[in-house]
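Report on the following structure.
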Amino acid sequence: MTAKKDTSPAEEIRALRDQLNDWSHRYYGLDDPSVPDAEYDRAFRRLEELEAEHPDLVTADSPTQRVGEPPLDAFDEVRHDVPMLSLGNAFDEQELRDFDQRVRERLDVGGPVAYVAEPKLDGLAVSLLYENGELARAATRGDGETGEDITINVRTIKSVRLKLLSDNPPARLEVRGEVVMPHDGLAWLNKRQEKAGQKTFANPRNAAAGSLRQLDSSITAQRPLEFYAYSVAQLDGEDWPDTHSEMLERVRDWGLPVNEEVKVRDGLDAMLSFYQDIMERRIDLGYDIDGVVYKVDRLDWQEELGFVSRAPRWAVAYKFPAQEQRTTLKAVEWQVGRTGALTPVAKLEPVEVGGVVVSNASLHNIDEIRRLGLEVGDRVDVYRAGDVIPKVVRRVPAPSRKPPPSMRRRLRKKIKPQVRLRLPPASKYIPVLPWQRRISLPAKCPVCRSDIIAEAGGVIQRCTGGLICGAQQREAIKHFASRRAMDIDGLGDKLVDALVDQGLIKTVADLYDLQAEDVAGLERMGEKSAANLIEALEASKDMPLSRFLFALGILQIGEETAKALAEAFGDLESIRRAPLLLFLQVPDVGSEVAKAIAAFFAEEHNEKVIDGLLAAGVTPRSNGAPSRRFVDTLTLANFLSSAKILGMPLSGVGTKTLETLGRHYRHLDALLKAVGDGEDDSGVKAGTLEKLAEGLKADGWRTELQKAQAYADALAAKAPAGAADERPLEGQTWVLTGTLARLTRDQAKQHLEALGAKVSGSVSSKTARVVAGESAGSKLDKARSLDVDVIDEEEFIGFLAEHGIKLDD
DNA sequence: AGCCCTCGAGTTCT
DNA sequence: CTCGAGGGCT
């Protein structure tokens, strides 16, 4: 596609320019990428090169000119030839009905009127003026009469054509539309802003506005903005069409993007169903919309209808119920989670956001509070996007932060508010008292008064109380009982709270001492439910080891890591006593996870709980022996490099060298002997052994390694002999999607894992195969786009049968 | 050193 | 479901 060698630079530049503009138009205007990005980039760079050599050949419509211009001091004012008006609003169905009625009465038509219905994009309205087909000026709406000249910024937006796609463009054309930032663009931008230590944007609208108001257009050039045209305000040099929809077609033909959701709809019912439909798909559109705009399609009718003061009588905006609401931050409570992590929760004046009443919102951590600049009593905006989780978006700047009248009186009289001298309630919450406006980190755990330590760069605060902490006790028990852990039916959050409050249980081990009569008296618990609970507890005594490990709630150990541990070691006792270095040999366990496991088993109270569980008759089901594959990885070389990862001082001794040493000596004893004798015949660089000797002396690493080696030797003796068992899917990652008819997702997963495959939730280039059930969605699309092998349920069942797995219906 | 993929953890309301 | 970060690969 690139121009040939023997053409002149001028020709090649023109060819490249046209080609790039065409691609760009297909990509941004028609949403039909016709070339890979790499090819676009290559052509783009070639054009840059040529233009650098021939500056005289650079034209204003060259794609290279979209990168911005030197910063301005301020924007010029622009007076709109035709004012940019606002729209009347309809807030419910009745108001839309009224609108349609008024239109038909004024026009005196009996039948349904055709309207252009379009999503109301939530961005920034701009006006683009084209003179003889070239973009001459771009302006913001401003107050409708006067806006700002943002031409240099708008020129950097790729979907805005700098030159109309026409041999015979109108002499003068003013197109109006909306500049928006798509959701993925915002996510990308915020990530980048964060990395650069710059402020992030709360929503796409702010981001779009902020980007367009940059005085330095090279910044705008790097912002993912899109433009959609929605009307024509001026047209000189050719005749107007009869309808608005035809006008939009023409705009499209000129190469300017018109939103693909814009449709003509006849009459009220069709208007309403358009609204319903787009509201349901709103999240999937990829950009924010805040309603629907309806415009009478026939232009002569528009003229006939005219205006009322500042709004056209022929158009109306039907807005969605607001998804952002303003309310008051009443208090911030610190919640203590299962792992001891302290999470601030905003207690809000209840407010309806997108159909549900929200009174709580997580503030995640103290950084978020500082970033938002929150104080108790502030007005805040709460947002609920496509997701369900409410979020405090921003503090509403208040004129002042004077204390409320009641408090001012108190302060004048210098009467200190009464502090109730009472121990904190045994719940996981403790409020920040209302007169404390500043939100600060608690110095001690609000529940158990233990010390708090900062983790992960100071963002996470963690209570050190462990099982001493009432909150962690409760949460640990709830986790233990949960469906994915021990699956104790009937032991829900409420019941756990009640049992702890009554002093009946403190740890999970106490659960198994419960008698039916203990429980029966409790709230909402009859004899029948009590008996059921005891039965459920009994049933939970027989659980796979992996679930049991997960249920213990060890930091960093989720379902997957628990499975890996159970599979590798084969029984609980081997895991409990294993030295740190052994954990590091388990797949997907690194230094952090290994330390967390070792720390858990080093705690005496954890040991007690485990012993209590075993004594009560809980018998984690396991295959009893370490897996062959795991034992095979317990090599001297691996121990040495793991020790280095954990901090054994071995500077100057690379991984390769450690591997060589490990392979040569095979057993730690042999290596230690060589170190002791100062004789080395492994062929590594001279001096390496001395460094190794140094490292072994430091911090008891010699002992650590010896413990690991001895443990490995013991495990090896227990492991089944011979090669790893039959695992045909070893190393493969599969993905399940859609609904399977003949087996559940969990069953399918277990079958696959039995064959050695990993089952993952998302498709990537590393996915070996996707099993697609009924109504498979985006994962299937992704699989197709990545060219990943896809089979349906029938093929999958056949595949299982080939590997000796039969389904019993 | 940097990127990609998973996994863990925390969360709201009906 | 989403965010963050651990782990492993290049």
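Sequence lines set the chain letters: A, B, ... in the order given, protein chains first and strands last, and positions in each chain run from 1.
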_Salt bridge A:D501-A:R474, side-chain N to carboxylate O under 4.0 Å_ =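 Between A:R474 and A:D501 there is a salt bridge, with a charged N closer than 4.0 Å to a carboxylate O.
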
*A:E475 and A:K478 ion-paired at < 4.0 Å*: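 Yes, charged N to carboxylate O under 4.0 Å.
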
*Ring centroid separation for A:F550 and A:F480, is it under 6.0 angstrom?*
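No - the distance between ring centres of A:F550 and A:F480 does not fall below the 6.0 Å cut-off.
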
Calculate the interatomic distance between [X] atom [atom1] and [N] atom [atom2]; express it in whole Å.
X: A:I645; N: C:dC9; atom1: CD1; atom2: P; result: 11 Å
X: A:L348; N: B:dC13; atom1: CG; atom2: P; result: 9 Å
X: A:N190; N: C:dC3; atom1: CG; atom2: C1'; result: 13 Å
X: A:H183; N: C:dC3; atom1: NE2; atom2: P; result: 12 Å
X: A:E475; N: B:dT11; atom1: CD; atom2: C1'; result: 12 Å
X: A:H479; N: B:dT11; atom1: NE2; atom2: C1'; result: 16 Å
X: A:L363; N: C:dC3; atom1: CG; atom2: C1'; result: 15 Å
X: A:K391; N: B:dT11; atom1: NZ; atom2: P; result: 13 Å

*Please collect all side-chain hydrogen bond (donor to acceptor under 3.5 Å, both in side chains) contacts where either partner lies in residues 551-565 of chain A, sequence neighbours excluded, each pair once.*
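As it turns out, the side-chain hydrogen bond (donor to acceptor under 3.5 Å, both in side chains) pairs with a partner in residues 551-565 of chain A, which skip direct neighbours, are A:R484-A:E559, A:K563-A:E753.
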
*Report yes if at least one side-chain N or O of A:N360 is closer than 4.0 Å to OP1 or OP2 of B:dT11; otherwise report no.*
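No, because none of the side-chain N or O atoms of A:N360 sits under 4.0 Å from OP1 or OP2 of B:dT11.
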
*Kindly state each residue pair satisfying salt bridge (charged side-chain N to carboxylate O under 4.0 Å, His left out) with at least one member in residues 579-593 of chain A, sequence neighbours excluded.*
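Every pair satisfying salt bridge (charged side-chain N to carboxylate O under 4.0 Å, His left out) with a residue in residues 579-593 of chain A: A:D588-A:K758.
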
*Once each nucleotide of nucleotides 3-10 of chain B is scored for protein heavy atoms under 4.0 Å, what B/S/- sequence comes out, 5' to 3'?*
--SSSSSS

*So which heavy atom on A:P224 is nearest to which on A:G185, and how close?*
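Taking A:P224 first and A:G185 second, the nearest heavy atoms are CG-O, 3.4 Å.
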
